[in-house]
Amino acid sequence: MEYIYAALLLHSSGKEVSDDGIKKVLEAAGVTPDEVRIKALVSALEGVDIDKILSQATAMPVVAAAPAAAAAETEAKKPAAKAEEEEKKEEAEESGIEGLGALFG
């Protein structure tokens with residue numbers, strides 16, 4: 001991901017997305033650059049209109065955020081549901097013990 005972020009940073013600052021530019025950004029961020037990955041990214045971005053792709057992708061984070069928020073809400077409810085289940089189990093065990101006590105008087 002850091003390679004893509006470096007390319008986007010160069011693009012947003014108006015600089016050419018090049019091997020050397022990506023390498024400098026990565027080094028500045030403390031990442032050891034991999035020349036092969038850099039060359040693959042630069043060649044993959046050749047002829048790509050980054051502005052067009054970014055404008056098409058603006059709706060995606062909103063759509064992706066909704067399921068993530070719902071999943072987080074569901075995860076937050078799970079501990080409460082588990083606690084309720086444990087309480088019910090404990091109550092059932094206690095009532096079962098009380099029932100045995102009635103048998104032996």
Side-chain angles (χ1 to χ4, degrees):
M1 289 304 285
E2 55 269 353
Y3 292 85
I4 295 170
Y5 290 143
L8 288 173
L9 181 63
L10 288 169
H11 175 75
S12 69
S13 65
K15 301 191 187 273
E16 178 187 357
V17 179
S18 64
D19 295 358
D20 190 45
I22 292 175
K23 183 177 179 180
K24 287 180 181 179
V25 170
L26 291 172
E27 287 174 346
V31 177
T32 305
D34 180 359
E35 296 291 332
V36 174
R37 292 177 84 183
I38 293 172
K39 288 185 186 297
L41 177 62
V42 171
S43 67
L45 291 175
E46 273 183 33
V48 173
D49 185 0
I50 296 174
D51 288 321
K52 180 180 176 184
I53 292 173
L54 290 176
S55 68
Q56 292 173 347
T58 56
M60 293 176 87
V62 174
V63 174
E73 185 178 319
T74 303
E75 288 297 322
K77 291 180 181 178
K78 283 185 180 179
K82 286 183 181 180
E84 289 177 18
E85 286 179 24
E86 288 178 15
E87 287 179 21
K88 289 180 182 178
K89 286 180 183 177
E90 288 176 8
E91 289 175 9
E93 288 174 2
E94 289 174 5
S95 67
I97 293 172
E98 291 172 1
L100 286 176
L103 286 175
F104 297 107

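The structure presented is a predicted model; accordingly, all values stated were derived computationally and were not measured.
Proximity of Ile38 to Asp20: side-chain heavy atoms (C-beta onward) are nowhere separated by under 4.5 Å. Side-chain contact between Lys15 and Leu9: absent, with no pair of heavy atoms (C-beta onward) separated by less than 4.5 Å. Side-chain atoms of Asp34 and Leu26, non-hydrogen and from C-beta on, never get closer than 4.5 Å to each other.
Of the inter-residue distances, the one linking Gln56 atom CD with Asp51 atom CG reads 11.5 Å to the nearest 0.5 angstrom. In this structure, the separation between CD1 on Ile22 and CD on Glu2 is 11.5 Å, given to the nearest 0.5 Å.
Other residues, nucleotides and ligands place more than 12 heavy atoms under 6.0 Å from the CD atom of Glu35.
In plain terms, the two heavy atoms of His11 and Leu54 that are nearest each other are CD2-CD1, 4.5 Å. A pairwise comparison of heavy atoms in Leu45 and Ala7 identifies CD1-CB, 3.9 Å as the closest pair.
With salt bridges taken as basic N to acidic carboxylate O contacts below 4.0 Å, none links Lys23 and Asp19.
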key: Steps toward side chain to side chain contact (heavy atoms under 4.5 Å, CB included) verdict (Val17, Leu41)   = CA-CA 10 Å; Val17 179; Leu41 177 62; 5.9 Å; no
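The closest donor-acceptor contact from the side chain of Tyr3 to the backbone of Ala40 lies at 3.5 Å or more, if one exists at all.
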